[in-house]
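Working notes, structure below.
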Amino acid sequence: MDYRIKRLQECFVQLTGWKHRFTSMLDFLEDCVLQYHIFLENETKKREGKKCKHRNKNANEIKQKKSKNKTDGDKAKMKSFLQFVRERFKHNATSLRNCLLLFLTHIPEKYVLEINFQNMVTLIRLLESFETLLLQGNVASEKLEELFSHSVEEYLSQSILDEKFLLLQKTRSECHSLSSNLLNSLKGLGLPKSMGKRSLKDFCFEKASLFFCTATSSYNLHTVDMEPLYFLVIDEAAQLKESESTIPLKLMGIKHAILIGDECQLPAMVESSVSDEAGFGRSLFQRLSSLGHKKHLLNIQYRMHPSISFFPNLKFYHNQILDGPNVKSISYKQCYLPGPMFGPYSFINILGGREELDEVGHSRRNMVEVSVVMNILQNLHKAWILSKKKLSIGVVSPYKAQVVAIQQQLGHMYENRNGFVVKVKSVDGFQGGEEDIIIISTVRCNNGGYIGFLSNPQRVNVALTRARTLTRSESVWETLVRDAKDRRCFFTADEDKDLARAIFQVKKEYDQFDELHNAERIPFRSQRRKKNIGVVRRSEEIHKTEQGFREGGCSYEIKDNKSMKKFVKAFDSMDLGRNSLKSLNCFDELLLLEEESGNFLDASSIAKLRGDILLAADLLQGAGNFKEASSLTLNYVFFNSLWSHGSKGWPLKQFSRKEELLERAKSLAKSDSNQFYEFVCMEAEILSNDQTNLCRINFQFNASKIYQSIRGEILSARKILDVHLHLNTIEYEWEDELVLDPVMFSEEKISKSKVSVETLVYFWNYWKEKIVNILEYLERLETQDVNDYRSYGDFCLNYLGVWKPDEVQYKNLCNFYLLLNSDADWVRELNNRYAQRRGMLPSIDVSLLVSAAQGYWNSELFYVGKEVLCNLEALYKHSVKSSQSMFCQFSSLAFIYDTAKFLLDAKFLCNRQHDVKELQKFVELPIKEFFGYVFPLDWRETSKRNMISLRGRILVEVISKCIGLKNKLSYGQIGSVAAMILGSGELHNELLGQVAKRCDGTLPWKAFLESLQGTMGSESEQGSEPCNNENELREVSLVQKFHGALLDTYGVKWRKTHDFISPACFLYLIERLLIMLSCFWGYFLTTKSSFVDWFIHLDGKIDPTPFLQTNVQQPMGHVIEFIVHIVQQLLHNKEDTEEWIRKCHNNTNVKDYHSLVVLRLAVVVCLLHLNFGKCINAPLELLCVNYIANQLPQEFCDVLYRGRKRNFLNVNVNMIAEAFIKIGNPLVIGSLGENCSKFMCPDAIFVDMKAGRCKEEILGILFPEVESTEATNLYREELPTDRCDKGKSSNVSPSASASLTDQDMNKQKTNDGNLVMNPGNIWKMFESLNLVDNENDRKNMKSNAATIKADVQKICCHLIAATNGLIRKKHFDSEDKSQLDEAAGMLEELMQLYATLDVSEPELINNTSTVGELSKRLQSRRLTMEPFLNELFLQQCKGKESDSDIASGGNCDEGNNDSKGKASTSSATNASITGD
């Protein structure tokens, strides 16, 4: 509080307080020029005064001064306006900015008001922007003075000042406006201009909304005049006496209290035993807990290494606490001293210590333990000197005498050590503390095992949970010792030479040396004799058993199972004995027999039969089969993570010993090979319960693909899918372009921890495909035809906890599968229909397994699919609500359709009626919305290529649904169906025929659709053969019938007609009629949107012959007049048109809709003029009518009105083309063979429709790819190697020593997908990062960290994508697998390098050595990885070259075999928009 008051005093000084700072800034912004001139006057007066004082000086002095002034000319000159402005602004801005920051920090937002709070933040940013603009190097003083001569609010155009000064004026105006508003607002709040210290304190208390204080000191708040408090939060509430809790609880207004504490740790301190027994030490937390009030457990700990947290979690928290991802990371495990004794958690047993009372007799100490603690501290200090990493150590003891003894020994030894801190405290004093290392000295050491107040479990918990790494001295807590021994964390002090020496010295010093020679307690004795004695006894027992059998002969009677093992061991043949035990199901005896015989492999199989998987793994380890032992341990962890008690499968969960078993699996794998160890580490990471981020899961996913781990792929894909499903819709990113390569796109997106609709669908499809493969396996399992799905079957069995016995060893079990966990949720569905055999696991036959497993996976597939659908639906609604592009909205609908259709049609899913109805609703949503997205009134969205690509996915279903209705088709339905047919080229004649039949009630439409069906049929039959008069007549007839259908529709009394055709649909059909008419000239002029739809309908099959043979004026004049008439009617009759809109669209903004209708009609007028101007009078004069012109875009009218003379428009093709550009729908000039050079203009798109032009080529002209991307030198323009070297220089810098990030970014005109990896520069980057030894290199790395990160990320993406491609194309031998393992290791190191660089600047400097070390490791892989990367690079080049050849020539060759070479060549060279 004192600090806050001290800082706020700066802003509440009488003359220089906050109000003065605001007014100073406002005066400066308003009258800076005036201030400058006042400054000049003052300076002039000062100088004149100085001259008067020096007039009496002699001539020599004057000459010297003149000479000095000449040499230092700038000094004598007046300060320029620019200098004055910069200095004055900097002074005012700094003062005001500091004041604002103090307000933001020390005055509650509630008082200042949120709007003022935001305005202060904005004003600080504006002041910084204004200062940046002022400090630019090319600011002219005269221009600046001219700018400040104008008023702050005055609008300045570019004719007065250039763009740079206009921006300065704009920022000046914004600063002034915001400063003025803030000043007035703060005055309105009653914020005083000045306050004293006492007033400020009262002000802070009155306005504060949060108070931090102790429970006792909260008493002072009772006397403060402030608003009532509503919430009370008490931390460490379990350590606070109930009476103390009442002090803050009695504060006025408290309605809610939150108590945060831990009952498992220390309670409140009560010195009086009487008070303690009376319960005065009880906390309010404890009372409420005992009364049954609910508690919320914070179940993730971020401090202790898992080795430390294991026992407290098990003992005190019932395994409810999870370890945070930070403590599980490899980097968190620190080994400060060498040797296993000093790992993360160690129990060091000190034999020979002696406890004693202190001088007062109230507390205890143990000097042997003091000596051991001092020795450990000395060794830690030596290690710290070498590493120089910061290290904090806490020495804890429950006895004050021991604390004092250690402090006396320690003295001032480690004081003033920057980075090495030692604290010695009691357990009670350390509650709430945290250090890197905690050494606990428990003191007690006696023959009776008395531990006094150490028996308090809460005190034990506090002591154990203070550390990141823990070392313990002696204790007699039985469970703790047993746990340490079980986990191999139990050590005796004499195992370490230094500790043994320290014990010896202290014993000698305190006359305890004789105890070292005590035979009962000597710590240096050998334990090996016990084992030898056990072996001898075992041999004698075996001999007696064999002798007894031989004496009994064949009449030997077997009384029990124990005798059975002795009986069979007497057999001459071990095989005979094994078979006997198997036949009698004596598997326990058989296991012992095999184990004692050293047949560990056979014994492990028996252990599996009994369900003891961990024993089986131990036996495999004994047999030296570390690989299978590790795999078996992983499988055990896998199915137990899914089917532990009460679990219903996914997701993976924690269970006791899980982390321990994963570590064991890794330890076993390390004994096999480095490659297998890396694989197991990755599998263990996937199976763990780490709170891993999306980027890391994606790395696991890609590594699993490289390792060909089906389990890793499925689990990682499901985890990524779950992340998508749990994210809020606002966290998704939206893509406005169609994703052509979902694999690469998803890789790049997820690697940046970002998600989109496309990544959700990609990982759903990926996971779904794997589950379908599992179901394929199950379907074939009974017939044993499962070779193609073997790996999926292994995953399925491991997932469900099912084991298939070896058919050779156990022939009687060949058709059975064993259940490793018969309590698993999926097994319960079997209703106990499984067999139970003595001595082994329950088993089920293959048909029962298939049925149950199919049921589970069907349910899982449907559940996840439904979740994806709900998520996609929410994303669609969000895209509509947030006004995303139509492509984003429509693509979401398309994904909903695809997903729902899959779930409805999948052969494996036997959906219930309720599920089918639910899925049908999802299918109907995109069908319902389809027409509005594909044929909207505003054509600008639909004319994009990405929207075109989505049309065909739902089209057939939409049309089928329309014509499948029982009632007669309405004009609205017929119009929609006709528009969809004319906007798609993928419909078959059969569907067209069905549509025509459904139009019996509207004969003109039926005639048109039948004619259209005949036209499309003839095109498909004739192919590229020349057209005759029959084709010509067919085209003319088609246009006539189309006209008749539209005429019939227009003549209907639409006011009385239910579901009439919408204006948008009707105009779409009119535009199509217009383009069909225009074709008869041999050329046509239309809009891009109309041309695209017409072209798609023809499916790229253009034959201009029939159009060239027709005279349009004779048979088509009345059709043209019809179009003119409709345009005039709709433009003139505004009220009728608006009523039509209102009838068809109840919830539409009629005014906006009508404006779009008018614009489309204006476009039709322009096209009529261009196409038929010589034979009709297009109603251009309508565009001059005021009420029509007012509804058209201003930029559109501005272009057309250049040729306006009164009410007459004199326009040409250039003006119309420019006007169409302004509205985003360019003019397209299509040639069908006739010369149309008279129409050529720069703003139009020219398309040559001559025969032989392929569909993709024409679409390429309409939608040219954007060629503007930047690429670092890691990548080069993608050209095949035989083209790169012909007279073209490389983009790669020749300097091998230059840092990659220092090289310039080359702007290459290439597409985003055409970048391939250049392996040579990868190694150059690693080499440059390895050379960051001096200060300049470190600064260079810091400044280029962002670029290096981007490069590393791109390397990862390309390496993953290329490796995935290789996996799909190639069968691996052992050498290839080894190379892929190397690639996985390289990816892991690249990810570590990225994480090391992805930190703040100070941390980055500290990480310099880590960057260098990782770069060295990556460089060391060059020998093995460079050939592999080069091979991938060449394959990418070849693949891209092949794709390029296909794209440029493949599509053009259809139906034109004689022009292959020509088509291929022309497509590569003919990139001009004109096509000629």
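Please read these numbers as outputs of a predicted model, since none were measured by experiment.
Aromatic pair Phe626/Phe676: centroids not less than 6.0 angstrom apart. In summary, the aromatic rings of Trp803 and Phe639 are positioned with their centroids too far apart to meet the 6.0 Å limit.
Taking 4.0 Å as the cut-off between side-chain N and carboxylate O, Arg718 and Asp722 count as a salt-bridged pair. Taking a cutoff of 4.0 Å between a charged side-chain nitrogen and a carboxylate oxygen, Glu683 and Arg711 qualify as a salt bridge. The pair Lys921-Glu918 does not count as a salt bridge, with every side-chain nitrogen at least 4.0 angstrom from each carboxylate oxygen.
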**OP:** I would like to know whether Leu781 and Tyr817 meet side-chain contact (heavy atoms from CB on, under 4.5 Å); could you show each step before the answer?
**Re:** CA-CA 12 Å; Leu781 186 58; Tyr817 290 79; 3.6 Å; yes

**OP:** I would like to know whether Phe679 and Tyr707 meet ring pair (Phe, Tyr, Trp, His ring centres under 6.0 Å); could you show each step before the answer?
**Re:** CA-CA 7 Å; Phe679 164 73; Tyr707 287 125; 5.5 Å; yes

**OP:** Decide side-chain contact (heavy atoms from CB on, under 4.5 Å) for Asn871 and Phe895; before the verdict, give the C-alpha distance in whole Å, the side-chain angles of both, and the deciding distance to 0.1 Å.
**Re:** CA-CA 11 Å; Asn871 219 47; Phe895 289 137; over 6 Å; no

**OP:** Check the pair Glu747 / Asn702 against side-chain hydrogen bond (donor to acceptor under 3.5 Å, both in side chains), numbers first and verdict last.
**Re:** CA-CA 9 Å; Glu747 172 59 36; Asn702 288 310; 2.5 Å; yes

**OP:** Please test Asp323 against Gln301 for side-chain hydrogen bond (donor to acceptor under 3.5 Å, both in side chains), starting from the C-alpha separation and ending with a verdict.
**Re:** CA-CA 5 Å; Asp323 295 317; Gln301 68 89 11; 2.7 Å; yes

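The side-chain heavy atoms of Leu634 and Leu662, taken from C-beta on, include a pair separated by under 4.5 Å. Residues Gln320 and Asn299 have side chains not in contact (no heavy-atom distance under 4.5 Å, counting atoms from C-beta outward). Between Leu861 and Leu775, the closest side-chain pair of non-hydrogen atoms falls below 4.5 Å. Proximity of Leu819 to Val802: side-chain heavy atoms (C-beta onward) are separated by under 4.5 Å at one or more points.
In terms of the side chain to side chain donor-acceptor pair (under 3.5 Å) criterion, residue partners of Glu685 (sequence neighbours excluded) are, by chain and number, Arg696, Gln700. In this structure, Tyr789 has no side chain to side chain donor-acceptor pair (under 3.5 Å) partners at least two apart in sequence or on a different chain.
Classified by interplanar angle (parallel below 30°, tilted 30° to 60°, perpendicular above 60°), the ring pair Trp764/Phe902 is perpendicular. Classification of the Tyr799-Tyr856 ring pair by plane angle, with boundaries at 30° and 60°, yields tilted.
Here the shortest heavy-atom pairing between Asn313 and Ile321 reads ND2-O, 2.8 Å.
Evaluated for a salt bridge (Lys or Arg N to Asp or Glu O under 4.0 Å) with Lys770, the options Glu776, Glu713, Glu860 yield exactly one hit, Glu713.
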